[in-house]
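Quick note: numbers below take in every heavy atom, side chains included, and nothing from hydrogens, waters or symmetry partners. Residue numbers begin at 1 in each chain, while the letters A, B, ... track the order of the sequences.
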2 protein chains.
Amino acid sequence: MTRLPLNTRITPSRKAMIDIFASTDHPLSAVQMHKLLKRLNINANITTVYRELEFLLNHTVIHKIDISGATTYYESSEGDHHHHAICTSCGNIQDVTISDEEAFLTNVRKPHDFTIKRHSVEFYGHCGTCN
Amino acid sequence: MTRLPLNTRITPSRKAMIDIFASTDHPLSAVQMHKLLKRLNINANITTVYRELEFLLNHTVIHKIDISGATTYYESSEGDHHHHAICTSCGNIQDVTISDEEAFLTNVRKPHDFTIKRHSVEFYGHCGTCN
DNA sequence: TATATAATGCAAATGAGTTGCATTAATAAT
DNA sequence: ATTATTAATGCAACTCATTTGCATTATATA
Ligand SMILES: [Mn+2]
Ligand SMILES: [Mn+2]
Ligand SMILES: [Zn+2]
Ligand SMILES: [Zn+2]
């Protein structure tokens with residue numbers, strides 16, 4: 001929850017994107033966000049969407065969900081730390097938590113002198129409807 | 001270690017790529033592999049390299065290392081299961097093992113009805129020389 | 001109301017990876 | 001050894017996500 005810089009201007013697309021991320025539990029791609037904005041009659045350019053995603057990432061309002069060989073998704077940084085399960089058949093993304101993630105991290109035998117800043121954990125497989 | 005199909009032809013670039021992966025502990029990108037082949041006087045087209053990587057992936061000779069916002073790397077499937085630490089400053093990739101990974105997996109609270117086929121774990125931060 | 005500059009639109013560029021198609025070459029069959 | 005089959009390849013063109021340069025617009029501030 002870093003504060004946004006004081007020189008940050010509240011533009012319609014920025015406000016809308018922040019609101020959308022805050023009010024949905026579902027990850028979104030840049031293109032999906034672009035379409036959502038259109039539906040709200042906010043006709044931002046896709047470039048603007050990408051730039052705003054970058055901005056929100058930089059200020060930890062959102063974070064990335066990297067999917068192997070596919071488009072990047074983004075979701076709000078609100079809520080507890082968690083990871084994702086991605087269906088390789090339909091692309092469906094679901095939340096995954098690791099109970100006692102502390103223990104998991106202490107079991108990581110990281111390279112000598114490596115300082116871990118963040119980690120990324122994804123599970124790939126088939127969701128209920130694709131099984 | 002799935003067998004390669006019986007109709008698989010042993011071409012110079014295929015043999016070289018298999019050998020290279022088998023004899024190095026270092027992950028390689030498609031472009032790096034392409035350059036390595038050149039140095040061995042094997043002038044395969046970059047398309048051929050991509051196609052061969054796909055082939056070797058399909059037959060589990062190698063596997064992917066997905067790096068957030070960067071080029072994909074590949075490494076041999078030989079050796080014990082492990083993960084990676086990626087330096088966000090210099091791109092250096094190092095192996096990471098999780099002791100008692102069994103425990104880690106049993107602590108994963110996966111979505112109901114989701115069948116996990118594989119998982120991906122990466123650590124991002126700064127390596128020794130970039131600290 | 002005027003000013004500074006953050007944000008935007010648009011077109012063009014980038015970069016990784018993919019695809020279609022004609023050609024070549026590894027292997028099996030004769 | 002020769003021929004036939006088809007896997008593998010080269011090349012150019014393409015796709016797709018994302019980025020960049022630059023001129024223009026609009027938000028916040030004075
Ligand atoms: Mn999530
Ligand atoms: Mn490795
Ligand atoms: Zn599914
Ligand atoms: Zn480094």
Would one find a side-chain N or O of A:Thr48 under 4.0 angstrom from OP1 or OP2 of C:dG9? yes
Could you give the CG-to-P distance, from B:Leu56 to C:dG17, as a whole number of Å? 15 Å
Would you mind reading off the distance between B:Asn45 atom CG and C:dC21 atom C1', rounded to a whole angstrom? 14 Å
Taken to the nearest whole Å, CG/B:Leu57 to C1'/C:dT18 is 15 Å
If you only use heavy atoms from C-beta on, which nucleotide in C:dA7, D:dA7, D:dA17 is closest to the side chain of A:Arg14? C:dA7
Within 45 degrees of the axis of the six-membered ring of A:Phe123 and under 6.0 Å from its centre: does B:Arg118 put its NZ or CZ there? no
Taking for each residue the nucleotide of DNA chain C with the nearest heavy atom, is it B:Pro12 or B:Val31 whose nucleotide lies nearer the 5' end? B:Val31
For A:Lys35 and D:dA17, give me the distance from atom NZ to atom C1', rounded to whole Å. 14 Å
Quick one: A:Tyr73 OH to D:dT18 P, roughly how many Å, whole number? 10 Å
Side chains of B:His112 and A:Gln94 only: does a donor on one sit below 3.5 Å from an acceptor on the other? no
Whole-Å distance, A:Ile18 CD1 to C:dA7 C1', equals 13 Å
Taking CG from A:Leu53 and P from D:dT18, how many angstroms apart are they, rounded to a whole number? 9 Å
Verify the distance criterion only: is there a donor paired with an acceptor across the side chains of A:His82 and A:Thr97 at less than 3.5 Å? no
Whole angstrom value for the distance that separates P of D:dA26 from CD1 of A:Ile42: 15 Å
Using a distance-only criterion (donor-acceptor N/O pair, under 3.5 Å, no hydrogens), is the base of D:dG10 paired with the side chain of B:Arg51? yes
Does B:Thr72 make a side-chain N or O approach to OP1 or OP2 of C:dA16 shorter than 4.0 Å? no
I want to confirm an ordering. Mapping B:Ile10 and B:Ala30 to their closest nucleotides on DNA chain C, which one lands closer to the 5' end? B:Ala30
For the CG atom of B:Leu36 and the CD1 atom of B:Ile42, what is their distance to the nearest 0.5 Å? 10.0 Å
Can you see if the side chain of B:Tyr50 gets near the phosphate of C:dG17 - specifically, an N or O under 4.0 Å from OP1 or OP2? yes
Among C:dT8, D:dT18, C:dG17, the one nearest A:Thr11 by side-chain distance: C:dT8
Among D:dG10, D:dA26, C:dG9, the nucleotide that comes nearest once only the side chain of A:Arg9 is considered: D:dA26
Side-chain H-bond candidate by donor/acceptor type, A:His81 with A:His63, under 3.5 Å: no
Looking only at the side chain of A:Asn7 (C-beta and beyond, no hydrogens), which of the listed nucleotides C:dA16, C:dT19, C:dA6 gets closest? C:dA6
Please tell me which of the listed nucleotides, D:dG10, D:dT20, D:dA28, lies nearest to the side chain of A:Thr47? D:dT20
